[in-house]
Amino acid sequence: MEPVNQKSLERVVSLKALQMGSSFPCQICVVGLLCGICLTSLFMAALTSFGTFELGGFSFSTIALGDSAGNSSSEFVNCSFKPKTTEREVVFLRSEEINKERASLLFSAWSALLTESYSGESDYLLRYGLNKSSVPNAPHLENCKLKAQVNKHLDNHPENERYPTAATNEQSRYFMHRPMSEAAYAPWIAGSDEENYPLTRKVQRDIWMHQHPLNCRDPSVKFLVADWERLPGFGIGAQIAGMCGLLAIAMKEKRVLVSNYYNRADHDGCNGSSRSSWSCYFFPETSLECRNRALELMGSEDAWKNGTINAKDNYTSKQIWAGRTPRIWGEPWSYLQPTTEINGTLIAYHRKMDRRWWRAQAVRYLMRFQTEYTCDLLNIARHAAFGKQAANMVVRSFEGELSKDVLVNERSDIEEFVWSNHKPWMPRPLLSMHVRMGDKACEMKVVEFEEYMSLADRIRKRFPQLNSVWLSTEMQEVIDKSKGYPHWDFYYTNVTRQVGNVTMATYETSLGRETSTNYPLVNFLMATEADFFIGALGSTWCFLIDGMRNTGGKVMAGYLSVNKDRFW
């Protein structure tokens, strides 16, 4: 605190200065002083040399007091004393412009790598003098070929593995052996036991072992061969739910389930043996040896008679859709953590808890590993949604020219064995929202988009950092309404949507089989990876998404439902 006398003296001096400044002689002196400064500035500008700044491989010139010697007096130095853009601000603005150009180039390079054949260099990259090794890593994309190879290794029976006699180095030997030992505890399960449904890790391991006998030709091994449902009006969710029921029957009867014809994979995107097969999208439910053995037995009359092989026709619809859940593991559903909320209340118990638990386990097993084809579909969707954000993020993380300073060096051990297991980048936290309307009104109470957003606002009150939504819907009306929420960032697949009230079957026919299968599966998998989820319990699709999340380390993320029409 300053002394009182000192403050009083300052006020007196200030008052005197103000009085003196208002006098006419003083004003003349001030004008003269300012004109002198102007003349001095003009003289100094003529002697000032240019300076060159280089930022990130791009050069541009500035001068200390002006943009050029020719316009220094008229452009930069003047007597009006208006605020001018500082040199630092000019550099910053130019840097931002350069970063935008680089981000656009990088986004296009990633796009080219996604669409061009990996057998040769992309024409786009060659045009700009780039090659694959000089393009920075895309944090939102996965190496699908490598991932599929690793998953295939993980999905092998440990007892059937043959360890190589030699390896090039200790690291490669470690990389090849480590997944085999992990296969014993279902390496496709993420999160701790507390973050999943009860007994998830044990159940997944037991299902896998049941579906992969060591000797498929053993006379004691029995089979259940079943096509996927293909009746008109059966959506993907209903088809998966039906196969979950068949897997339950197979587990109870000690049969190996072999899924056969899958109509939604009957398109040109699924090539070779994966056409018309679930294995186009996910790893098959059993081994190739067991599949071949089952198909061989289908031609044996004795095998049908003695019950070595059964088909879907051997069971009633009630057994498939509402059959008893396997009791092999007791009744773990009796102590499920209540995490589903409807109208502000957690649902602690309902009469279909056993079915909810089992379908979660079954769908997790059926979707345990994605194929390279499915991985590519997710890459394309993530790139379309998040690619530009990722490019801006990467560009800001380095300096220098893209083709010179960002060469991809040989991967280090930590990149190979640790960081390679990280999931692709997405803007987080991310809320997934599946808005089901249209002809679903004949099965459940449909809810307007505004009610979904009301629940989203509730989540954001608890987690204020949330502003990103992955929006899944078949209705164009919902996409249009999302534009009325400017404080949310919405992401969704680029596909034609319903306008008006038509049946789902008609809508899917208009899209074609490939598109009508691919984009829902992408939405499904994106929902399982999101941090939060809002859906409708009356929807089988939402029911299965919730099951995948509850066996994927997201039990404690909770589930907000807009209705309580039924429990499956």
Side-chain angles (χ1 to χ4, degrees), residues 152 155-161 183-184 186 202-231 234 239-266 272-329 355 358-359 361-369:
K152 185 177 180 181
D155 206 48
N156 280 331
H157 210 299
E159 287 82 353
N160 284 342
E161 290 294 341
K202 175 174 174 50
V203 172
Q204 291 297 308
R205 177 189 181 278
D206 290 349
I207 296 175
W208 193 94
M209 296 297 286
H210 170 88
Q211 287 290 114
H212 293 80
L214 279 172
N215 182 7
C216 297
R217 291 191 169 273
D218 189 314
S220 64
V221 177
K222 298 180 179 180
F223 299 93
L224 195 172
V225 181
D227 291 344
W228 293 75
E229 292 285 356
R230 45 180 159 166
L231 293 173
F234 270 67
Q239 289 178 309
I240 296 174
M243 194 56 67
C244 290
L246 289 164
L247 181 58
I249 293 172
M251 293 294 296
K252 287 181 289 186
E253 295 187 357
K254 296 183 173 18
R255 296 178 180 275
V256 175
L257 175 66
V258 179
S259 70
N260 206 10
Y261 179 74
Y262 184 45
N263 62 334
R264 291 182 179 272
D266 191 2
S273 61
S274 70
R275 181 160 188 143
S276 306
S277 172
W278 179 252
S279 62
C280 176
Y281 294 99
F282 302 96
F283 276 33
E285 68 289 337
T286 189
S287 64
L288 180 62
E289 292 77 15
C290 281
R291 174 177 299 277
N292 290 339
R293 176 57 177 165
L295 296 179
E296 177 186 324
L297 289 173
M298 288 185 72
S300 169
E301 187 175 344
D302 290 340
W304 287 102
K305 286 181 179 180
N306 62 30
T308 302
I309 190 166
N310 275 356
K312 187 167 60 176
D313 294 340
N314 291 94
Y315 308 96
T316 66
S317 295
K318 184 177 180 179
Q319 287 176 298
I320 296 173
W321 294 95
R324 188 179 175 88
T325 298
R327 259 58 176 180
I328 304 169
W329 306 278
R355 192 177 302 171
W358 167 249
R359 283 189 178 174
Q361 300 296 340
V363 71
R364 168 58 63 181
Y365 175 76
L366 293 172
M367 293 184 169
R368 67 192 183 282
F369 288 130

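Only a predicted model underlies this, so the values are computations on that prediction, with no experimental measurement involved.
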Is the closest basic N to carboxylate O distance between Glu296 and Arg217 below 4.0 Å?
-> yes
Would you say [X]'s side chain and [Y]'s backbone share a donor-acceptor pair under 3.5 angstrom?
X: Ser276; Y: Tyr261; result: no
X: Gln204; Y: Gln361; result: yes
X: Glu253; Y: Ala250; result: no
X: Thr316; Y: Gln319; result: yes

Pairwise distance [atom1]([X]) to [atom2]([Y]) - rounded to 0.5 angstrom:
X: Arg359; Y: Ile240; atom1: CZ; atom2: CD1; result: 11.0 Å
X: Ile207; Y: Lys202; atom1: CD1; atom2: NZ; result: 11.0 Å
X: Phe223; Y: Thr308; atom1: CZ; atom2: OG1; result: 9.0 Å
X: Leu214; Y: Glu289; atom1: CG; atom2: CD; result: 11.0 Å
X: Tyr365; Y: Met243; atom1: OH; atom2: CE; result: 12.5 Å

Sequence neighbours excluded, the answer for disulfide bond (SG atoms under 2.5 Å apart) partners of Cys290 is Cys216
Do [X] and [Y] have side chains that approach each other closer than 4.5 Å (heavy atoms only, starting at C-beta)?
X: Thr286; Y: Leu257; result: no
X: Ile320; Y: Ile249; result: yes
X: His210; Y: Met251; result: yes
X: Leu224; Y: Val258; result: no
X: Asp218; Y: Pro213; result: no
X: Ile309; Y: Met298; result: yes
X: Trp304; Y: Asn314; result: yes
X: Lys152; Y: Phe283; result: yes

Kindly write out the residues that satisfy salt bridge (Lys or Arg N to Asp or Glu O under 4.0 Å) with Lys305, not counting sequence neighbours, or none if the list is empty.
->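 Partners of Lys305 under the salt bridge (Lys or Arg N to Asp or Glu O under 4.0 Å) test: Glu301.
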Go through the side-chain N and O atoms of [X] and [Y] and say whether any donor and acceptor fall under 3.5 Å apart.
X: Ser300; Y: Asp302; value: no
X: Tyr262; Y: Asp227; value: no
X: Asp155; Y: Trp208; value: yes
X: Arg264; Y: Gln239; value: yes

Where does the angle between the aromatic ring planes of Trp228 and Trp278 fall among parallel (under 30°), tilted (30 to 60°) and perpendicular (over 60°)?
->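 Parallel.
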For Arg291 and Glu285, run salt bridge (Lys or Arg N to Asp or Glu O under 4.0 Å): C-alpha distance rounded to whole Å, both residues' side-chain angles, the deciding distance at 0.1 Å, then the answer.
-> CA-CA 9 Å; Arg291 174 177 299 277; Glu285 68 289 337; 2.8 Å; yes
Within 6.0 angstrom of Lys252 NZ, more than 12 heavy atoms from elsewhere =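 Enclosed: over 12 neighbouring heavy atoms sit under 6.0 Å from NZ of Lys252.
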Closest approach of [X] to [Y] (non-hydrogen atoms, all atoms of both residues):
X: Gln211; Y: Leu247; value: OE1-CD1, 4.1 Å
X: Ala294; Y: Val225; value: CB-CG2, 3.8 Å
X: Tyr315; Y: Asn310; value: OH-ND2, 3.0 Å

Apply salt bridge (Lys or Arg N to Asp or Glu O under 4.0 Å) to the pair Arg275 and Asp266, showing each step before the final yes or no.
-> CA-CA 6 Å; Arg275 181 160 188 143; Asp266 191 2; 3.0 Å; yes
With a 3.5 Å cut-off and sequence neighbours excluded, list the donor-acceptor pairs that the side chains of residues 321-329 form with protein atoms.
residue, atom, partner, partner atom, Å
Arg327, NH1, Thr325, O, 2.9
Trp329, NE1, Asp206, OD2, 2.9

